[in-house]
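Below: the structure, in C-alpha cells.
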Amino acid sequence: MKFTAEQIAGILEGEVVGNPNAEVSRLSKIEEGEEGSLTFLANPKYINYIYTTKASVTIVNDSFIPEQEITTTLIKVEDAYASFSKLLQFYNQVKLNKNGIEAHSFMSEGTKYGENLYLGSFSYIGQNVALGDNVKIYPNSFIGDNVVIGDNVYIFAGAKIYSETIIGNNCTIHSGTIIGADGFGFVPDEEGVYSKVPQIGNVVIEDNVDIGANTTIDRATLGSTIIRKGVKLDNQIQIAHNVEIGKNTVIAAQSGVAGSTKIGENCMIGGQVGIAGHLIIGNNVRLQAQSGVARNIKDDETLQGTPSLAYTDFNKSYVHFRNLPKIVAEIDELKKQIINPKNGNNG
C-alpha cells in the first residue's frame with residue numbers, strides 16, 4: 001500500500017517541503033532509508049543522516065532548517081517523534097484491517113458475528129459463539145464453544161480460546177496464547193495417587209487488555225479467573241486458576257502467578273517474578289525482576305529479592321551479600337587471633 005507525502009501530511013496536519021507526490025510504501029530508520037521508504041528525524045544525534053538518507057519522505061520538527069542540500073521530501077510537524085508514532089498506529093490499523101472469511105476455516109452454525117469480521121484459514125469457531133464488530137481472527141486459531149468476544153479484538157495466529165471465555169472490547173491476544181485451559185487442580189488419595197479436580201469455571205478478560213505471545217491463563221475451578229480493564233501481560237506469563245488481576249496492572253515476561261491470588265490495580269511486576277498462591281497484593285505495588293513473593297503485600301510497597309524484601313532493605317542487604325566472602329574471612333582471622341594470639345599466651 002502506497003501513500004504520498006501529501007496524504008501523510010494530511011493525516012499528521014503537517015507541511016510538505018519538497019515533492020508532494022513522493023510515494024512511500026514502507027517505514028525505515030533514517031540511517032537505513034531507501035527509496036520508497038518513510039522515516040523521521042527527532043533526535044539531534046541523527047541530524048547528519050538527513051543529508052545522506054535515501055528515504056523518499058522524512059518527518060521533521062517544524063523548527064528544522066537544512067544547512068546542506070537534501071534529496072528527501074520533508075513533512076514538517078510540531079513534534080516529529082509523536083507524529084511518527086501516530087503514523088505507526090495508523091499504519092498498523094491499515095495493515096491489520098483484513099476482512100472476510102477465508103477458505104478452509106470452520107464456523108459452527110448459529111455463530112453470531114458483527115461487521116468486518118476476518119476469519120483466517122484453518123481457524124475453528126465452536127458452537128454458540130458471539131463475536132462483535134471488527135473482530136480479526138488470524139489463521140490456525142481456535143475459538144471454543146460459548147465464547148463471547150467484544151468489538152475491535154485481534155486474535156493472532158495460533159491462539160487458543162477455550163470454551164466459556166469472555167473477552168471484552170479493544171483487546172489484543174498474540175500468537176500462541178492459550179486462554180481457558182484447565183487450572184492445575186489435583187488431589188492425592190491415601191496412596192499418594194493424584195486425581196483431577198474438574199475445572200468448570202471460566203476466564204473473563206475485560207476491555208483494553210493486551211496479552212503477549214505464548215502466555216497462558218487458566219480457567220477457574222469454580223467462578224472466574226479475571227483480568228481487569230487495561231491490564232498488559234507480556235510474553236510467556238502463567239496466570240493460574242481463580243487469579244484476579246486489577247485494572248491497569250502490567251506484568252513483564254516469564255512471570256507466574258499461582259492460584260487464587262488477587263493482584264491490585266496499577267501494579268508493576270517485573271520479569272521472572274514468582275507469586276505464590278492465595279495471596280493478596282495491594283494497589284500500586286512494584287515488584288522488581290526475579291522477586292519471589294510468598295506473603296501478602298500492602299498498597300504502595302516496592303519489593304525485591306527472594307524471598308522478597310522491601311526495596312530499600314534489599315539494597316542495603318545486598319551490600320553485605322556481596323561482601324560475605326570478605327566478612328567470613330575476617331571472622332576466621334579473628335577466631336585464629338583469639339585461639340592463637342601473637343604473644344603466644346593461650347590463657
**Request:** Flag yes if more than 12 heavy atoms outside Lys45 fall under 6.0 Å of its NZ atom; otherwise flag no.
**Result:** no
**Message:** Does any part of the side chain of Thr53, heavy atoms only, come nearer than 4.5 Å to the side chain of Ile70, both counted from C-beta?
**Reply:** no
**Message:** Under the criterion side chain to side chain donor-acceptor pair (under 3.5 Å), I'd like the reasoning laid out for Asn146 against Glu164: C-alpha separation, chi angles, the key distance, then a yes or no.
**Reply:** CA-CA 5 Å; Asn146 306 313; Glu164 323 301 333; 3.1 Å; yes
**Request:** Using a strict cut-off of less than 4.0 Å between a Lys/Arg side-chain nitrogen and an Asp/Glu carboxylate oxygen, indicate whether Glu301 and Arg295 qualify as a salt bridge.
**Result:** yes
**Prompt:** Hey, what's the ring geometry for Phe64 with Tyr51, parallel, tilted or perpendicular (30° and 60° as the breaks)?
**Reply:** tilted
**Request:** Could you label the plane-to-plane angle of the Phe106 and Tyr124 rings as parallel, tilted or perpendicular, counting under 30° as parallel and over 60° as perpendicular?
**Result:** parallel
**Asked** Mind checking whether Phe3 and Phe90 have parallel, tilted or perpendicular rings, split at 30° and 60°?
**Response** perpendicular
**Prompt:** Any donor and acceptor pair, going by atom type alone, linking the side chain of Ser255 with main-chain N or O of Gly270 inside 3.5 Å?
**Reply:** yes
**Asked** Okay, side chain of Ser291, backbone of Leu287: is any donor-acceptor separation there less than 3.5 Å?
**Response** no
**Request:** Kindly check if the number of other-residue, nucleotide or ligand heavy atoms within 6.0 Å of CZ (Phe142) is above 12?
**Result:** yes
**Prompt:** Any donor-acceptor pair under 3.5 Å linking the side chain of Thr72 with the backbone of Lys54?
**Reply:** no
**Asked** Do the side chains of Ile11 and Leu27 join up, straight or via other hydrophobic residues, at under 4.5 Å, putting them in one cluster?
**Response** yes
**Donor-acceptor under 3.5 Å (Asn19 side chain, Asn21 main chain)** = yes
**Asked** With hydrophobic residues grouped by side-chain heavy-atom distances under 4.5 Å, do Leu279 and Val285 end up in a single group?
**Response** yes
**Item:** Side chain Lys136, main chain Lys98, donor-acceptor under 3.5 Å
**Value:** yes
**Message:** Taking Ile205 as the starting point, is it possible to reach Tyr154 by hopping between hydrophobic residues whose side chains are less than 4.5 Å apart?
**Reply:** no
**Request:** Could you tell me whether the side chain of Ser163 and the main chain of Gly144 form a donor-acceptor pair under 3.5 Å?
**Result:** no
**Message:** Test side-chain contact (heavy atoms from CB on, under 4.5 Å) on Asp210 and Leu233; report intermediate values, then the result.
**Reply:** CA-CA 6 Å; Asp210 284 65; Leu233 302 179; over 6 Å; no
**Ion pair check, Glu244 and Arg228, cut-off under 4.0 Å** = yes
**Donor-acceptor under 3.5 Å (Ser25 side chain, Lys2 main chain)** = no
**Prompt:** What are the two closest heavy atoms between Ala258 and Gly277, and how far apart are they?
**Reply:** CB-N, 3.3 Å
**Prompt:** Taking everything shown except Lys232 itself, do over 12 heavy atoms lie less than 6.0 Å from its NZ?
**Reply:** yes
**Message:** On a heavy-atom basis, which atom in Gly180 and which in Tyr162 lie closest, and how many Å separate them?
**Reply:** O-CD2, 3.2 Å
**Item:** Ser56 side chain to Gly36 backbone, donor-acceptor under 3.5 Å
**Value:** yes
**Request:** Determine the sole option in Thr225, Asp182, Asn242, Thr221 for which the side chain to side chain donor-acceptor pair (under 3.5 Å) test with Gln199 is passed.
**Result:** Thr221
**Item:** Nearest atoms (heavy-atom pairs only) where Ala80 meets Phe40
**Value:** O-CD1, 4.2 Å
**Prompt:** Do Val257 and Val273 share a hydrophobic cluster, counting only Ile, Leu, Val, Met, Phe, Trp and Tyr and linking them when any side-chain heavy atoms are less than 4.5 Å apart?
**Reply:** yes
**Prompt:** Got a donor-acceptor contact below 3.5 angstrom from the Asn43 side chain to the Tyr46 backbone?
**Reply:** no
**Message:** Which residue in the set Asn169, Asn152, Asp151 passes side chain to side chain donor-acceptor pair (under 3.5 Å) when paired with Asn134?
**Reply:** Asn152
**Prompt:** Any chance CE of Met268 has more than 12 other-residue heavy atoms, nucleotides or ligands included, within less than 6.0 Å?
**Reply:** no
**Request:** Tell me yes or no: between the side chains of Glu115 and Asn99, is some donor less than 3.5 Å from an acceptor?
**Result:** no
**Message:** Between Glu206 (side chain only) and Lys229 (backbone N and O only), is there a donor and an acceptor less than 3.5 Å apart?
**Reply:** yes
**Request:** Flag yes if Val147 and Leu117 sit in one hydrophobic cluster, no otherwise; membership is Ile, Leu, Val, Met, Phe, Trp, Tyr, and two members link when side-chain heavy atoms are under 4.5 Å apart.
**Result:** yes
